[in-house]
Amino acid sequence: MIITPAEPHDVAKLLAFREEAAAWLRSLGSDQWSRPYPADKLLATIQAGTVFMLRDGPATVGTITLTPDAEDGLWTDEELAEPAMFVNKLTIAREYAGQNLGGRLLDWAGDRAHRAGARWVRLDAWTTNEALQRYYLANGFMYVRTVREGAAVNGGPRVSGWLAQRAARPTHHGFTDRTPEPAPLPFAA
């Protein structure tokens with residue numbers, strides 16, 4: 001499988017991934033991702049070079065966003081002074097579920113973050129999705145805290161404020177990486 005940067009034409013596939021994941025989560029009793037994500041915000045992240053696609057031949061089987069930009073209101077000033085990269089919107093197509101592709105994408109993110117000079121890979125997860133939180137803990141993340149104040153990027157109250165982090169480190173993820181070398185992170189003075 002190959003990891004490539006997302007391209008503008010991938011917006012439709014990314015929105016479909018999100019809808020598929022939301023329907024699956026609904027079947028499990030979760031309201032996660034029930035609000036549509038604005039296509040223009042998704043396109044902006046693609047154009048910023050922070051969205052990556054996992055491809056298996058012609059099929060797109062997963063996606064991950066890895067950015068040096070923290071969402072406002074989640075991390076403290078002290079935490080933001082540490083070099084970190086942030087995982088968002090990790091999604092695997094349901095037909096590829098159960099193959100540890102999400103865990104391997106997290107490993108890829110940790111490796112990429114390490115190469116950029118990050119100390120941490122951080123994420124925020126759906127506050128009420130305890131199964132997802134356990135998934136991240138099982139993949140080496142440490143719980144930091146839950147933030148409930150603020151607003152969501154796509155409107156309404158904050159619903160994704162369960163914060164976790166793990167050390168950025170070199171990892172053998174097993175994917176063919178066709179992404180450009182990450183830009184070095186700026187370090188706090």
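Worth saying up front: this structure is predicted, and the values here are computed from it rather than measured.
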J.: So T179 and R112, do their side chains get closer than 4.5 Å, heavy atoms only?
T.: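 Answer yes - side chains close enough.
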J.: Let me confirm one number: the CE-CG distance from M142 to L163, rounded to the nearest 0.5 Å.
T.: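 One finds 12.5 Å between CE of M142 and CG of L163.
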J.: To the nearest 0.5 Å, what is the distance between CG on N88 and CG on D124?
T.: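 Atom-to-atom, N88:CG and D124:CG are 6.0 Å apart.
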J.: If we count only N and O atoms by modelled type, under 3.5 Å, do the side chains of R148 and T127 hold a donor and an acceptor together?
T.: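 No.
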J.: Name every donor-acceptor pair, under 3.5 Å, that has one atom in a side chain of residues 60-67 and the other anywhere in the protein, sequence neighbours excluded.
T.:
{"residue": "T60", "atom": "OG1", "partner": "R55", "partner atom": "NH1", "Å": "2.9"}
{"residue": "T63", "atom": "OG1", "partner": "F52", "partner atom": "O", "Å": "3.0"}
{"residue": "T67", "atom": "OG1", "partner": "D69", "partner atom": "N", "Å": "3.1"}

J.: Does W120 have R166 sitting over its ring (NZ/CZ under 6.0 Å from centre, angle to axis within 45°)?
T.: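 No.
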J.: Between P8 and L43, is there a side-chain heavy-atom distance shorter than 4.5 Å?
T.: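 With C-beta onward as the side chain, the pair touches.
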J.: Give me the atom names and distance for the closest heavy-atom approach of I2 to T4.
T.: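 I2 and T4 have their closest heavy atoms at CG2-CG2, 3.6 Å.
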J.: Do T171 and R169 touch side chain to side chain, with heavy atoms closer than 4.5 Å?
T.: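 The answer is yes, as the side chains (C-beta and beyond) meet within the 4.5 Å cut-off.
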J.: Ignoring hydrogens, what is the shortest heavy-atom contact between L90 and G102? Give both atom names and the distance.
T.: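 For L90 versus G102, the nearest heavy atoms are CD2-O, 4.0 Å.
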J.: Could you tell me whether the side chains of D177 and W108 share a donor-acceptor contact shorter than 3.5 Å?
T.: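 D177 vs W108: donor-acceptor pair found between side chains.
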J.: With a 4.5 Å heavy-atom cut-off, do F141 and V144 have their side chains touching?
T.: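 Of all side-chain heavy-atom pairs linking V144 with F141, none is under 4.5 Å.
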J.: Kindly check if the number of other-residue, nucleotide or ligand heavy atoms within 6.0 Å of CZ (R94) is above 12?
T.: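 Above 12, so yes.
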J.: Determine whether a donor-acceptor pair (N or O, by modelled atom type, separation under 3.5 Å) exists between the side chain of N129 and the backbone of L132.
T.: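 Judged by distance alone, yes, a pair lies under 3.5 Å.
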J.: Just checking E130: does its CD atom have more than 12 heavy atoms from other residues, nucleotides or ligands closer to it than 6.0 angstrom?
T.: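 Result for CD/E130: open.
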J.: Could you tell me whether E82 and R119 make a salt bridge, using a distance below 4.0 angstrom between a side-chain N and a carboxylate O?
T.: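 Salt bridge flag = yes for R119 with E82.
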J.: How close do V147 and G73 get, heavy atom to heavy atom, and via which atoms?
T.: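 Minimum heavy-atom contact is CG1-O, 3.7 Å.
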J.: To the nearest 0.5 Å, what is the distance between OH on Y96 and CG on L101?
T.: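 Spacing of OH (Y96) from CG (L101) equals 9.0 Å.
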J.: Counting C-beta onward and ignoring hydrogens, is there a side-chain heavy-atom pair between W162 and Y136 closer than 4.5 Å?
T.: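 Yes, side chains in contact.
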J.: Which distance, rounded to the nearest 0.5 Å, do you find between the CE of M53 and the CD of E7?
T.: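 Going from the CE atom of M53 to the CD atom of E7 covers 9.5 Å.
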J.: Answer yes or no: is there a side-chain heavy-atom contact under 4.5 Å between I3 and T176?
T.: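 Side chain of I3 against side chain of T176, heavy atoms only: no contact under 4.5 Å found.
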J.: Answer yes or no: is there a side-chain heavy-atom contact under 4.5 Å between L123 and F86?
T.: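 Result no, sub-4.5 Å side-chain heavy-atom pair not found.
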J.: As an exercise, state the distance from CG of N139 to CZ of R104, rounded to the nearest 0.5 Å.
T.: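 N139 CG to R104 CZ: 12.5 Å, rounded to 0.5 Å.
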J.: Before giving the answer on salt bridge (charged side-chain N to carboxylate O under 4.0 Å, His left out), spell out for E79 and R145 the whole-Å C-alpha distance, their side-chain angles and the decisive distance to 0.1 Å.
T.: CA-CA 12 Å; E79 290 163 341; R145 76 181 152 280; 2.5 Å; yes
J.: Looking only at heavy atoms, what is the nearest atom pair of G110 and V121, with distance?
T.: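 Taking G110 first and V121 second, the nearest heavy atoms are CA-CG2, 3.5 Å.
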J.: What is the distance from atom CE of M85 to atom CZ of R122, rounded to the nearest 0.5 Å?
T.: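 So the CE of M85 and the CZ of R122 are separated by 12.5 Å.
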J.: Are side-chain heavy atoms of L106 and V87 found at a separation under 4.5 Å?
T.: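 Side-chain contact under 4.5 Å: yes.
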J.: Compare every heavy atom of A183 with every heavy atom of A116, then report the nearest pair and how far apart it is.
T.: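 Minimum heavy-atom contact is CB-O, 3.5 Å.
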J.: For a quick test of reading the model, state the closest non-hydrogen atom pair linking W75 to A70 and the distance between them.
T.: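 Scanning both residues completely, I find the closest heavy atoms to be CD1-CB, 4.0 Å.
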